There are 2 protein chains.
Amino acid sequence: MDAYNILISHGINPSMQRIAIMEYLLNHRTHPSADDVYTNLSKTMPTLSKTTVYNTLKLLSEKGAALMLTIDENKVNFDGDTSPHTHFLCKTCGRIYDLPMAGSVKEVMAMDADGHLITEVHQYYRGICKNCLVTKK
Amino acid sequence: MDAYNILISHGINPSMQRIAIMEYLLNHRTHPSADDVYTNLSKTMPTLSKTTVYNTLKLLSEKGAALMLTIDENKVNFDGDTSPHTHFLCKTCGRIYDLPMAGSVKEVMAMDADGHLITEVHQYYRGICKNCLVTKK
DNA sequence: GTGCTTGCAAATCGTTTGCAATAGC
DNA sequence: GCTATTGCAAACGATTTGCAAGCAC
């Protein structure tokens, strides 16, 4: 599905800016921060404001069109892939990797949680990625 | 185990401030932020500085004597309970609850992760807690 | 022309940094 | 005395806010 239809299907008014930001998330699976999105998109959209990027990313995550990741202690990252998967943060290089989420973990989503209503399940690993492991030798 | 011995066993020099902060985490299972710890402890330790609280909480989490939680997008929270368990953030009241971690999830810790070295596993749920569900009716 | 969206600049606030004072062996 | 620890004040940086201008139906 393309950016336009993702917005539509999540009840989001598809403005030019919102399409561009959603498209950026779909084409760059790097879990960018708001600032990353702004910096890169403003090259081709010079009038784009940082406020709009923040507003839009918040809107996308609230409406379920994107994931807001809080794995990094310093900033929030976003992911256009909303399918269940695990995130791995390398404490050395700061990169976030995708990993498959164990089947047993997905089942938890339907679990009763002591009476609380669960709307989001996140699984985060931290450690040292294979690239940094090699470099360290 | 008391605060003093937790510090010792994690190779942390047990200064008065560090014992007080570790003790606060053990006695207040509310997943406080650095500011929470500072505000409450400074009532009885007026000379305590915020810098020391930040330094100490960082040290505790680095040495494994406490957990650093990044479930809240706005601030970092800390947990003196380092045993494997899941955290639930209520999007309405902002409180963080403890939930048991499914046995199948714990096993993941030993899993091979595409060659990456995993040192931490975190499981976060977000949603609306049972108190806020009742209030909303 | 009314309501939603955008954008600029300023403010906010959790956190970090620089550096001098202090404490403990 | 030397090293680790603490504390103050200033800086920082990601994010939010206030508000005016622009856009769309």
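Chain A is the first sequence line, chain B the second, and so forth, proteins listed ahead of strands; every chain is numbered from 1. No hydrogens, no waters, no symmetry mates; every other heavy atom, side chains included, goes into these values. Not measured: the values here are computed from a predicted model.
- A residue-by-residue look at B/Glu73 and B/Met45 shows that B/Met45 has its nearest nucleotide of DNA chain D further toward the 5' end.
- Side chain A/Ser49 to base C/dC8: no donor-acceptor pair is found below 3.5 Å.
- Contacts of B/Thr51 with the nucleic acid, taken as non-hydrogen atoms under 4.0 Å apart, include base atoms.
- The local environment of CE in A/Met1 is crowded, with over 12 non-hydrogen atoms from other residues, nucleotides or ligands closer than 6.0 Å.
- With rounding to whole Å, B/Tyr38 atom OH is found 10 Å from D/dA9 atom P.
- Computed from coordinates, the B/Lys75 NZ to D/dT16 P distance equals 14 Å when rounded to whole Å.
- The separation between A/Lys58 atom NZ and C/dT5 atom P is 15 Å, rounded to whole Å.
- Listed pair B/Gln17 / C/dA23 fails the phosphate criterion, with no side-chain N or O lying under 4.0 Å from OP1 or OP2.
- The two residues A/Lys63 and A/His10 have their closest heavy-atom pair at O-CD2, 3.2 Å.
- OP1 or OP2 of D/dT16 has not a single side-chain nitrogen or oxygen of A/Tyr54 nearer than 4.0 Å.
- Nucleotide C/dC4 holds its P atom 12 Å from the NZ atom of A/Lys63, rounded to whole Å.
- In this structure, A/Leu57 places its CG atom 10 Å from P of D/dT15, rounding to the nearest Å.
- Among the heavy atoms of the strands, none lies under 4.0 Å from A/Ser33.
- Atom CZ of B/Arg18 and atom P of D/dG7 are 11 Å apart (whole Å).
- A/Asn55 has its CG atom 15 Å from the C1' atom of C/dA9, to the nearest Å.
- Side-chain atoms of A/Ala34 lie closest to D/dT15 of the nucleotides C/dT16, D/dT15, C/dG7.
- Contacts of B/Asn74 with the nucleic acid, taken as non-hydrogen atoms under 4.0 Å apart, involve only primed sugar atoms and P, OP1 or OP2.
- Contact annotation: B/Thr52 reaches the phosphate of D/dG7 (side-chain N/O to OP1 or OP2, under 4.0 Å).
- Salt bridge status for B/Asp35 with B/Lys50: present, with a side-chain N to carboxylate O gap under 4.0 Å.
- In this model, the phosphate group of D/dT6 is approached by a side-chain N or O of B/Ser15 to a distance below 4.0 Å at OP1 or OP2.
- One interatomic measurement links the two molecules: CD1 of A/Ile19 to P of D/dA24, which rounds to 12 Å at whole-angstrom precision.
- For B/Thr56, whose side chain is taken as the heavy atoms from C-beta onward, the closest listed nucleotide among D/dT6, C/dT5, D/dG7 is D/dT6.
- When side chains are defined from C-beta on, B/His87 counts as touching B/Asp98, because their heavy atoms get closer than 4.5 Å.
- At distances below 3.5 Å, at least one donor-acceptor pair connects side-chain atoms of A/Ser9 with backbone N or O atoms of A/Asn5.
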